[in-house]
Amino acid sequence: MDDKIEVENVGQPGKTYRVDAAKYAAMRNAMLKVLPAVPPGMPVAAAIDAVKSHLPEDLFPRGDTAGWWVKCVQLDLEAKRIIARTPSPVRLYRLSSGN
């Protein structure tokens, strides 16, 4: 399967990128499971570690590329206002309107 999905980047409004739909969906679900719903949230490194146990092994063997996908999904969900980040040091959390 070569299904792609368009994602946004909060740092580049109006621009979209095409990424693997299955990997995106798996990472999105994992991130929304592990991120807290209140600030100050979770450090990015902790989020990367936390999502690995929620990812399908066939898409992310041994958690490979989890860091890249966390960042990809982070920027998209920030653009969609589903998650937010704190100023430095960056910590991520779900917004109350997030799914």
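We number each residue from 1, following the sequence as shown.
In this structure the side chain of Val73 never reaches within 4.5 angstrom of the side chain of Val7, judged on heavy atoms. Between Asn9 and Lys15 the shortest side-chain heavy-atom distance does not fall below 4.5 Å. The shortest side-chain heavy-atom distance between Ile5 and Arg18 does not fall under the 4.5 Å cut-off. When side chains are defined from C-beta on, Tyr17 does not count as touching Leu75, because their heavy atoms never get closer than 4.5 Å. Side-chain contact between Ile83 and Gln74: present, with at least one pair of heavy atoms (C-beta onward) separated by less than 4.5 Å.
Across Ala22 and Asp20, no two heavy atoms sit closer than the pair N-OD1, 3.1 Å. Between Leu35 and Ala47 the shortest heavy-atom distance is CD2-CB, 4.2 Å. When all heavy atoms of Leu92 and Pro36 are compared, the closest pair comes out as O-CD, 3.9 Å.
Every residue two or more places apart in sequence or in another chain was checked for a side chain to side chain contact (heavy atoms under 4.5 Å, CB included) with Ala45, and none qualifies. Evaluation of the side chain to side chain contact (heavy atoms under 4.5 Å, CB included) rule for Pro39 yields Tyr93 as partners, not counting sequence neighbours. Scanning for side chain to side chain contact (heavy atoms under 4.5 Å, CB included) contacts around Ala37 gives Arg94, with sequence neighbours left out. By the side-chain hydrogen bond (donor to acceptor under 3.5 Å, both in side chains) test, Arg85 pairs with Glu78, sequence neighbours left out. Every residue two or more places apart in sequence or in another chain that forms a side-chain hydrogen bond (donor to acceptor under 3.5 Å, both in side chains) with Lys80 is listed here: Glu8, Asp76.
Linking ILVMFWY residues whenever their side-chain heavy atoms come closer than 4.5 Å, directly or via other members, places Val34 and Trp69 in the same cluster. Linking ILVMFWY residues whenever their side-chain heavy atoms come closer than 4.5 Å, directly or via other members, places Ile82 and Met42 in the same cluster. In the hydrophobic clustering of ILVMFWY residues, with side-chain heavy atoms under 4.5 Å counting as a link, Val19 and Leu32 come out together.
Val38 belongs to no hydrophobic cluster, as no Ile, Leu, Val, Met, Phe, Trp or Tyr side chain comes under 4.5 Å of its own.
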Only distances under 3.5 Å count here; give the side-chain donor-acceptor pairs of residues 51-65 to other protein atoms, sequence neighbours excluded, each with its distance to 0.1 Å.
residue : atom : partner : partner atom : Å
Glu57   : OE2  : Arg62   : N            : 3.0
Arg62   : NH2  : Asp64   : OD2          : 2.8

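Between the Thr86 side chain and the Arg91 main chain, a donor and an acceptor come within less than 3.5 Å of each other.
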